[in-house]
Amino acid sequence: GAVVSQHPSWVICKSGTSVKIECRSLDFQATTMFWYRQFPKQSLMLMATSNEGSKATYEQGVEKDKFLINHASLTLSTLTVTSAHPEDSSFYICSAIGQGRFNQPQHFGDGTRLSIL
Amino acid sequence: GENVEQHPSTLSVQEGDSAVIKCTYSDSASNYFPWYKQELGKGPQLIIDIRSNVGEKKDQRIAVTLNKTAKHFSLHITETQPEDSAVYFCAASMDSWGKLQFGAGTQVVVTP
């Protein structure tokens with residue numbers, strides 16, 4: 001079945017560092033990718049929608065200058081958390097939808113746990 | 001926008017018993033209702049979904065029902081097993097390729 005891979009699965013870094021998370025669709029071309037954030041024992045909150053070759057659409061309250069999203073190819077989207085602070089520590093999850101996407105469900109990656117010290 | 005409420009927040013069942021999780025949604029334009037299972041430290045995994053033109057769908061021990069008039073849908077797991085223990089999320093969207101609005105999640109614990 002369709003597989004979405006995220007890398008890294010876990011990252012720990014110092015406050016002020018920028019961190020890049022990759023989301024890849026392994027066996028299909030993803031025209032749209034979504035980025036979610038999940039705090040402990042909470043639900044998934046959509047951060048942004050990313051379409052290949054165009055600028056991402058951010059949800060209300062999400063700082064686009066802090067969470068940079070690039071969807072340069074049909075198999076790769078990246079989320080960069082710039083100048084990360086402890087409050088950015090969270091579980092970041094991407095999902096992807098393939099070409100010919102009508103009636104196809106979203107496929108989720110296994111998430112990236114980000115810990116900012 | 002869409003608002004999805006999910007109950008209960010936790011559910012403990014004995015192995016072999018049934019588990020039912022209920023969700024309500026607010027936007028009558030929503031037409032797609034997936035259910036996800038999330039194990040600790042992993043991303044959500046789609047277990048079943050239903051579209052608004054269908055009232056019920058079943059896949060082995062899992063079934064989903066939808067009442068579009070009342071704007072609620074439910075997940076039914078029969079003959080529960082310890083490996084069913086996880087957090088389950090319902091979601092709603094206008095279509096399967098659109099933005100998903102998730103419920104708050106239900107922690108299911110199946111005790112042997």
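Every chain is numbered from 1 and lettered A, B, ... according to where its sequence line falls, protein lines coming before strand lines.
- Although no hydrogens or angles enter the test, the distance criterion places a donor-acceptor pair under 3.5 Å between the side chain of A:Ser43 and the main chain of B:Gly103.
- A side-chain donor-acceptor contact under 3.5 Å links A:Asp110 to the backbone of B:Gly43.
- A:Glu59 touches chain B through its side chain: at least one heavy atom from C-beta onward sits under 4.5 Å away, while N, CA, C and O do not.
- Residues from residues 60-68 of chain A never place a non-hydrogen atom less than 4.5 Å from a non-hydrogen atom of chain B.
- For B:Pro44, the parts lying near chain A are the backbone and the side chain together; criterion is any non-hydrogen pair under 4.5 Å.
- Across all their heavy atoms, B:Gly98 and A:Ile97 have their closest contact at N-CD1, 4.4 Å.
- Only the backbone of A:Gln42 comes within contact range of chain B, with at least one heavy atom under 4.5 Å from a heavy atom of that chain.
- Here CD of A:Gln106 is found 11.5 Å from NZ of B:Lys99. Values are rounded to the nearest 0.5 Å.
- Of all residues in residues 65-94 of chain B, those placing a non-hydrogen atom less than 4.5 angstrom from a non-hydrogen atom of chain A are B:Phe89.
- For A:Leu44, the parts lying under 4.5 angstrom from a heavy atom of chain B are both the backbone and the side chain.
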Under the side chain to side chain contact (heavy atoms under 4.5 Å, CB included) criterion, do B:Leu100 and A:Phe34 qualify, and how do the steps go? CA-CA 10 Å; B:Leu100 291 172; A:Phe34 298 92; over 6 Å; no
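- Heavy-atom pairs under 4.5 Å with chain B peak, among A:Gln38, A:Lys41, A:Arg113, at A:Gln38.
- Under the 4.5 Å side-chain criterion, counting only non-hydrogen atoms from C-beta, A:Ile93 is in contact with B:Gln38.
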